[in-house]
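The structure appears right after this line, and notes come after that.
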Amino acid sequence: MQPQPPKATNVPTPARHHAGKTLATLAFALALHHTTAALAQQATPQPQQDTPYQAAHKGGTLRLVASTSGGTLDPQINYSGKYINLFAVVYDGLTTFKKVQGPEGNSVVPDLAENLPTPQDGGLTYIFTLRQGIRFSNGQPVTTADVSASLRRIFKVGSPTAGSFYSAIVGADLCLKTPATCTLKGGVEENPAQRTITIHLVRPDTEFLQKLAFTHAVIVPANTPEHDVGNTPIPSTGPYRLTKYDPNTTLSLDRNPFFKEWSAIAQPQGYPDTIEYSFGIPDEAAVTAVENGQYDFMADVIPMDRLGELGNRYTAQTHVRPHAAMYFLPMNVNIPPFNNLKARQAVNYAVSRKAMVIFYGGPGIARPLCGMVPSSLPAATNFCFYTKKGASPTAPALQWQAPDLAKARQLVQESGTAGQKVTLITANTSVDMAMGGWVRDMLQNIGYQASIRPISNTLSMTYVQNTANKVQISLTTWSADYPSPSNFLDDLLGCENFHPNSDSSINIPGFCNKQVQNLMDKAKTDTTLTPTQTEDLWRQADRLVMAQSPIAPLIERDTVVLTSARLGNFFYTTVNQLFFSQVWVR
């Protein structure tokens with residue numbers, strides 16, 4: 001279990017006073033956004049041609065910095081982008097995403113498996129052959145037994161994606177009900193002599209190879225404890241191994257002495273000798289430290305008030321790259337006031353998506369989002385129900401125009417929830433606090449007694465997932481695990497992803513709608529559909545979801561990466577973003 005977050009102190013601020021600060025900040029941001037738009041143009045060169053390994057650049061220490069650590073070191077449990085992107089150079093699965101820059105990085109390639117199997121039995125059977133000669137960082141050979149045990153461990157440890165990603169495996173239903181006795185009998189078969197692992201599904205899954213490429217399906221030794229290992233590193237197969245971890249200060253990685261490159265496009269050999277992560281440096285200080293070369297990369301979102309100087313003075317060190325990601329407001333549909341549809345729709349009408357764009361850094365790096373699917377993905381949202389000028393679920397607009405506060409206040413009154421107390425939970429980063437302050441003011445403006453409760457960035461995501469904390473509404477962000485609309489619709493709102501009283505309940509609103517679920521399940525399992533037909537199902541699900549408003553989407557955002565002047569070979573993949581093993585620091 002991850003540590004429970006401390007009870008956060010409520011931070012009530014008089015609305016009038018805070019609104020003044022918010023407006024002042026917004027005025028500054030309006031003046032700034034032209035600079036950030038220029039930054040996006042100047043700092044986004046075309047992806048470079050990937051070149052063969054250059055031994056002359058091998059060596060040195062890559063220095064990373066963040067305000068907080070990212071939680072458990074258990075790769076089958078951790079769901080923070082901070083560590084998932086780091087784990088990509090530490091662990092391997094049967095499959096992975098191609099380690100190249102540009103759109104080809106969305107492709108699945110074999111990793112610990114020799115090849116990608118062709119699904120058999122109408123998409124129900126996958127037979128993988130394990131590569132020979134691969135060892136874990138402790139010297140132990142990787143065997144088919146390790147693969148079988150790792151797949152069972154997904155369920156035994158309660159991986160956040162056990163239900164949404166791997167429930168199609170035969171026997172997974174029993175594993176989800178009683179994880180401790182999980183066997184996946186009939187679902188996973190191994191043949192050590194032939195080095196094969198056969199996986200049987202109860203229903204086709206058109207994204208199964210992508211799901212096996214995700215971090216939660218990495219292969220670890222069969223004797224790995226069947227519980228969250230917390231701060232203890234698990235032996236790995238990639239070019240690096242985790243060596244030392246103090247969540248308050250440092251995470252260290254060095255070279256895996258048993259690593260030998262088996263596929264440059266799956267897991268290339270690394271350049272840095274060591275990777276050091278330092279924690280406890282606030283985002284504002286981290287920007288300055290990276291600018292000055294004390295660190296090579298910062299994990300936190302860059303504060304809005306620093307983007308101007310990056311656009312003017314540090315364009316060579318600032319990289320803007322597309323990434324399917326969004327900010328949104330999940331609303332708990334099972335407790336007041338947002339167990340009322342009109343109250344949820346009121347929030348969607350009232351939120352200023354333009355303000356959220358500005359708080360993130362301006363239109364050069366963010367855009368309003370009205371539905372659940374960012375524009376870089378198939379079946380991207382193409383409607384806007386909740387915007388000024390008369391839009392509604394029955395008469396959608398093509399794009400967001402402005403908030404409709406009058407309509408929002410009307411809905412709050414009709415819902416009978418006016419005057420109720422509402423607490424907004426947000427992470428304590430500069431960007432999240434700025435957005436959260438605005439949302440808190442908006443909630444007060446439409447009729448609620450609203451306050452904001454900031455929580456440590458490390459703990460906020462798990463805190464808002466756990467129903468025991470009775471979170472009414474929160475501000476959070478989400479990124480694609482792989483390029484599919486299912487990552488936003490099914491992951492965040494699928495019935496199978498709601499787990500009461502768990503820190504691993506990524507369906508934060510507790511939303512479950514049979515009609516929506518049927519559409520999503522068909523899109524995931526019907527192998528007879530054309531890509532266009534599949535996209536149409538996701539769009540239907542998107543519209544039905546937004547009519548019910550369990551979430552208020554705010555913005556889709558690009559990734560802004562700040563690096564030191566000494567960092568070379570900036571290597572960005574669409575799935576893992578800055579790919580740490582391929583940068584040069586020597």
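What you see is a predicted model; the values in this text were computed from it and never measured.
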Working for side-chain contact (heavy atoms from CB on, under 4.5 Å), residues T274 and L62: CA-CA 6 Å; T274 57; L62 175 64; over 6 Å; no
Whether [X] side chain and [Y] backbone form a donor-acceptor pair below 3.5 Å:
| X | Y | value |
| --- | --- | --- |
| S167 | S164 | no |
| K98 | E104 | no |
| D121 | G123 | no |
| R255 | P272 | yes |
| Y572 | P322 | yes |
| Q267 | A88 | yes |
| D146 | T143 | yes |
| Q317 | L567 | no |
| R135 | F259 | no |
| Y327 | T477 | no |

[X] [atom1] to [Y] [atom2] distance, which is reported to the nearest 0.5 Å:
| X | Y | atom1 | atom2 | answer |
| --- | --- | --- | --- | --- |
| T288 | M298 | OG1 | CE | 9.5 Å |
| L562 | L578 | CG | CG | 11.0 Å |
| I199 | I127 | CD1 | CD1 | 10.5 Å |
| I281 | T68 | CD1 | OG1 | 11.5 Å |
| I506 | E496 | CD1 | CD | 8.5 Å |
| N466 | N469 | CG | CG | 5.0 Å |

Distance-minimising heavy-atom pair for [X] and [Y]:
| X | Y | answer |
| --- | --- | --- |
| K211 | A217 | O-CB, 4.0 Å |
| F97 | A213 | CE1-CB, 3.6 Å |
| P483 | V575 | CD-CG2, 4.4 Å |
| S474 | I508 | OG-CG2, 4.4 Å |
| F579 | T573 | CB-CG2, 4.2 Å |
| P204 | G122 | CG-O, 3.6 Å |

For R566, does the CZ atom sit with more than 12 other heavy atoms under 6.0 Å from it, leaving out its own atoms?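 Above 12, so yes.
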Kindly state whether the ring of F297 and the ring of Y295 have centres lying under 6.0 angstrom apart.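 That pair fails the under 6.0 Å test.
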Is the Y79-H216 ring centre distance short of 6.0 angstrom?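 Yes.
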Could you check if a side-chain atom of L94 sits within less than 4.5 angstrom of a side-chain atom of V147, using non-hydrogen atoms only?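 Sidechains of V147 and L94: in contact.
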Side-chain contact, heavy-atom cut-off 4.5 Å: Y277 with S252?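 No, every pair of side-chain atoms sits at 4.5 Å or beyond.
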Can you see whether [X] engages [Y] through a side-chain donor-acceptor pair at a distance of less than 3.5 angstrom?
| X | Y | answer |
| --- | --- | --- |
| S67 | D300 | yes |
| T462 | D503 | no |
| D92 | T237 | yes |
| D491 | W478 | no |
| S484 | S486 | yes |
| T144 | E190 | yes |
| Q76 | S159 | no |
| N106 | T574 | yes |
| T559 | Q577 | yes |
| T72 | N78 | no |

Kindly indicate, with the supporting measurements, whether the criterion ring-ring contact (aromatic ring centres under 6.0 Å, His included) is fulfilled by Y126 and H200. CA-CA 7 Å; Y126 292 76; H200 298 284; 10.0 Å; no
Tell me, with the steps shown, if V471 and Y463 meet side-chain contact (heavy atoms from CB on, under 4.5 Å). CA-CA 8 Å; V471 175; Y463 184 85; 3.8 Å; yes
Salt-bridge present ([X], [Y]; N to O < 4.0 Å):
| X | Y | answer |
| --- | --- | --- |
| D490 | K524 | yes |
| R152 | E226 | no |
| R153 | D74 | yes |
| R321 | D558 | no |

Please assess R306 against S430 for the test side chain to side chain donor-acceptor pair (under 3.5 Å), listing each intermediate value before the final yes or no. CA-CA 11 Å; R306 303 302 296 273; S430 298; over 6 Å; no
Quick one, H319 with T563, criterion side chain to side chain donor-acceptor pair (under 3.5 Å). Give me CA distance, side-chain angles, the key distance, then yes/no. CA-CA 8 Å; H319 317 266; T563 60; 3.1 Å; yes
Worked check of salt bridge (charged side-chain N to carboxylate O under 4.0 Å, His left out) between R195 and E114: CA-CA 10 Å; R195 306 191 321 280; E114 288 184 348; 2.7 Å; yes
Parallel, tilted or perpendicular, as decided by the 30° and 60° cut-offs, for the rings of Y271 and Y53: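 Aromatic pair Y53/Y271 classed parallel.
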Given S581 and Y240, is the side-chain contact (heavy atoms from CB on, under 4.5 Å) satisfied, shown in steps? CA-CA 8 Å; S581 72; Y240 296 94; 3.7 Å; yes
Can you check salt bridge (charged side-chain N to carboxylate O under 4.0 Å, His left out) on E276 and R63, steps first, answer last? CA-CA 5 Å; E276 295 284 342; R63 300 164 301 194; over 6 Å; no
Apply side chain to side chain donor-acceptor pair (under 3.5 Å) to residues S137 and N256 and explain how you reach the verdict. CA-CA 5 Å; S137 55; N256 173 1; 4.8 Å; no
With side chain to side chain donor-acceptor pair (under 3.5 Å) as the test, would you mind laying out the steps for T181 and T178 before giving the verdict? CA-CA 6 Å; T181 59; T178 54; 3.0 Å; yes
If the test is ring pair (Phe, Tyr, Trp, His ring centres under 6.0 Å), which one of F165, Y482, F208 qualifies with F214?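 Of all the options given, the one that passes is F165.
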Verify side-chain contact (heavy atoms from CB on, under 4.5 Å) between I219 and L130, making sure each step is shown before the conclusion. CA-CA 11 Å; I219 307 307; L130 192 63; over 6 Å; no
